Student: 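Just passing along the structure, written as structure tokens.
One is the number of the first residue; the rest follow in order along the sequence. This is a predicted model, so every value here is computed, not measured.
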Amino acid sequence: MKTIFATTTLFFLPQISNAHVKWFSRSSDPTIISFTNFNTQSFWFLLVLSVVALALVVYLDRILESWKPFVRFNTYLESYGNHADVILRVFTGAALLLS
């Protein structure tokens, strides 16, 4: 029975996702974007910029682990570890109210 359900679900999955996407689309005619449409200098510049920014953030994070004010601030934040679920709920609710 589980196999039949899984097979049926996988068979109808593309249609379900297509119907879901149609809710957010203004056009009923889907267009497929090829690689040549976004193969521009600005795309490659932004791609390289994001890779460099991620590498820089990882490098700075390793350097900051030995900086005393950062270590002090990190231990201060760790003291609120047992209240993390309440803090996350409050800020998630605030973000949903503001959106």
Student: Give every donor-acceptor pair under 3.5 Å between a side-chain atom in residues 47-66 and any protein atom, sequence neighbours left out.
Tutor:
from, atom 1, to, atom 2, distance (Å)
Ser50, OG, Leu46, O, 3.2
Ser50, OG, Leu47, O, 2.8
Ser66, OG, Ile63, O, 3.0

Student: To the nearest 0.5 Å, what is the distance between CZ (Phe45) and OG1 (Thr40)?
Tutor: 12.0 Å
Student: Could I get the full list of side chain to side chain contact (heavy atoms under 4.5 Å, CB included) partners for Asp85, not counting sequence neighbours?
Tutor: none
Student: Counting only heavy atoms not in Phe70, do more than 12 sit closer than 6.0 Å to its CZ atom?
Tutor: yes
Student: Quick check on the hydrophobic clustering: are Leu96 and Leu88 connected, directly or via other members, by side-chain heavy-atom contacts under 4.5 Å?
Tutor: no
Student: Any chance you could measure Trp67, atom CH2, to Arg72, atom CZ, to the nearest 0.5 Å?
Tutor: 9.0 Å
Student: Could you tell me how the ring of His83 sits relative to the ring of Tyr80: parallel (under 30°), tilted (30 to 60°) or perpendicular (over 60°)?
Tutor: tilted
Student: Would you say Leu77 ends up clustered with Val86 if hydrophobic residues are merged whenever their side chains have heavy atoms under 4.5 Å apart, either directly or through other cluster members?
Tutor: no
